[in-house]
Amino acid sequence: MEQDRKQEMVESRKKVRVRIAPSPTGDPHVGTAYVGLINYVFARQRGGKFVLRIEDTDQLRSRPEYEEAILKSLRWLGLNWDEGPDVGGPYKPYRQSERKEIYQKYAGALLKDDRAYSCFCTPERLNQMRSEQISRKETPGYDGLCRGIGQKEAEKRISSGEPAVVRLRIPRPGETVLSDRIRDEIRFDHSNIDDQVLLKSDGMPTYHLANVVDDHLMEITHVIRAEEWINSTPKHLILYRALGWEPPEFIHLPLLRNRDGSKISKRKNPVSLDYYREMGFLPEAMLNFLGMLGWAMPDEREVFSLEDMIAHFSFERISPAGPVFDLEKLKWLNGNYIRELSDQELLRRIREQVFPEERMNSVVPLVRERLEMLSQYLDVADFFFLGDIRPDLQDLIPKKKDAREAADILGQCQETLESLVSWKTDKIEETLRKLCEEKGYKTRDLFMTLRVAVTGKRATPPLCESMEVVGKAITMARIGRAIAALESAPK
RNA sequence: GGUCCCAUGGUCUAGUGGUUAGGACGCUGGCCUCUCAAGCCGGUAACACGGGUUCGAAUCCCGUUGGGACCGCCA
């Protein structure tokens, strides 16, 4: 109590700065929205700043398309940031790939102080080491082979062109204590902490380095992130110490879960924010729902606005157990919000979310030659605007095949389409044709099964064009539902 | 396997040593009603287990069990 009061005093003196740091390596995720919401609410409550930083240090997987989609989704939800790659700010740039030199500078300083060391182990060696450790039932971790290489020798090897990474030298023996607002003290013995790679051989920092350097430089006061980071926090704390910096406060939020209790994932739940927008969930309902996961209003009100949340939020009321993301309750809440809308406003929302101008324009050329009367429009084009469709099970199964095979085909489609970065007709078609070739499916079988799964019909405008307009999120959800239907089909 | 986190109905939660353990979603019975939805009234169902501490534990401590996360030149 006394402690809390002191904490409050210190915090009120220092202006609060929090951040959300999504990685543009996939579709906009509900988890990002959840963490974003808590950060946003806390910042607004304290009159602080909410920063958006893009963590795109993974050159292999980061995509500008994803960054754009993430920004769009967060904006849709109304989680507006004060500083970010698009709006700028006093601590720019806010995209880590543009801050490469900064990290290199600090990695160099760490090296010089012997707080870090160069490591020349090849990925092959590391992989082999890891699998040996696992087969011996040991904890996988770096074996420290390069830990003893002197700075002189390391420099020589580097200048001769040998690829190297920089690893953090974890002081051993030792112990690091993390004070987490939601879970109290967590202690870590250094013997269990790995010598983490800080700088990759491509010169990019890993998350661990970039995150610590940026949070310090951007004067972040509270790192509010998901629970999955708890185990790497001691590394971050050690890094702060090694750099001579005061660490921010850490608050680890519970992880959103699937029905079975595992971390929320796209195989078991719709996780794309695009899905929720396109299915017609209202942003205020989404926020309200996310707000009641792990947190409750002091008076237990279930329906509350962002403003209500800002007025009453506190970390003390966050329960540390991971909540299941329950679509049923979201739907109920969404219905509540819909009923509160005026007719005019509801119409506006329907136009915006189910009949957006862009989509209407894309549908017309696809259906025009299939119309004899305008009144047939909805009959032909229904699936562009529906959320869930109910395909006939028999239609899903190609001639002379069974449910099992149809499910397999759709499973393959699901897997390969999921990884598509650019959801465009030609990319979709190319992917599907390649899949037919590789797996030996008849083009006809695959396209018909997929057509029925995605549109609910046997006769439609060209499939790939249609899929583009339906959108990735809804398409993927429909494929998933069709697979589930096939799998639970009576034999 | 190691480290760490967690534990109130199927789900989201209230509860901070003394309550008939409350609310919400879902499911369900009824009312209303041309139907459905909404709304209203009712029902179903929980403190994982075992030890302590205490006059008294859902609440505090320990253990067990169960669940989860992390263990990458991903974030």
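Lettering of chains follows the sequences in order, A, B, ..., and the numbering in each one begins at 1.
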For [X], what residues pass the salt bridge (Lys or Arg N to Asp or Glu O under 4.0 Å) criterion, not counting sequence neighbours?
X: Arg259(A); value: Asp326(A)
X: Asp260(A); value: Lys268(A)
X: Asp382(A); value: Lys457(A)
X: Arg99(A); value: Asp214(A)

If you take any heavy atom closer than 4.0 Å to RNA chain B, which residues from [range] end up in contact?
range: residues 265-276 of chain A; result: none
range: residues 307-315 of chain A; result: none
range: residues 288-301 of chain A; result: Met292(A), Leu293(A), Gly294(A), Ala296(A), Glu300(A)
range: residues 70-77 of chain A; result: none

Output one line per pair: protein atom, nucleotide atom from nucleotides 40-50 of chain B, and distance, for all N/O pairs under 3.5 Å.
none

With the sugar-phosphate defined as primed atoms, P, OP1 and OP2, and the base as all remaining atoms, what B/S/- string results for nucleotides 25-31 of chain B, 5' to 3', for protein heavy atoms under 4.0 Å?
-> S------
For every nucleotide of nucleotides 67-75 of chain B, 5' to 3': is a protein heavy atom under 4.0 Å from its base (B), only from its sugar-phosphate (S), or from neither (-)?
-> -SBBBSBBB
Check whether any side-chain heavy atom of Pro270(A) sits under 4.5 Å from a side-chain heavy atom of Leu327(A), and report yes or no.
-> yes
Ring pair (Phe, Tyr, Trp, His ring centres under 6.0 Å) partners of residues 70-109 of chain A, not counting sequence neighbours, each pair once | Tyr106(A)-Trp245(A)
A7(B) phosphate, OP1 or OP2, under 4.0 Å from Arg183(A) side-chain N/O | no
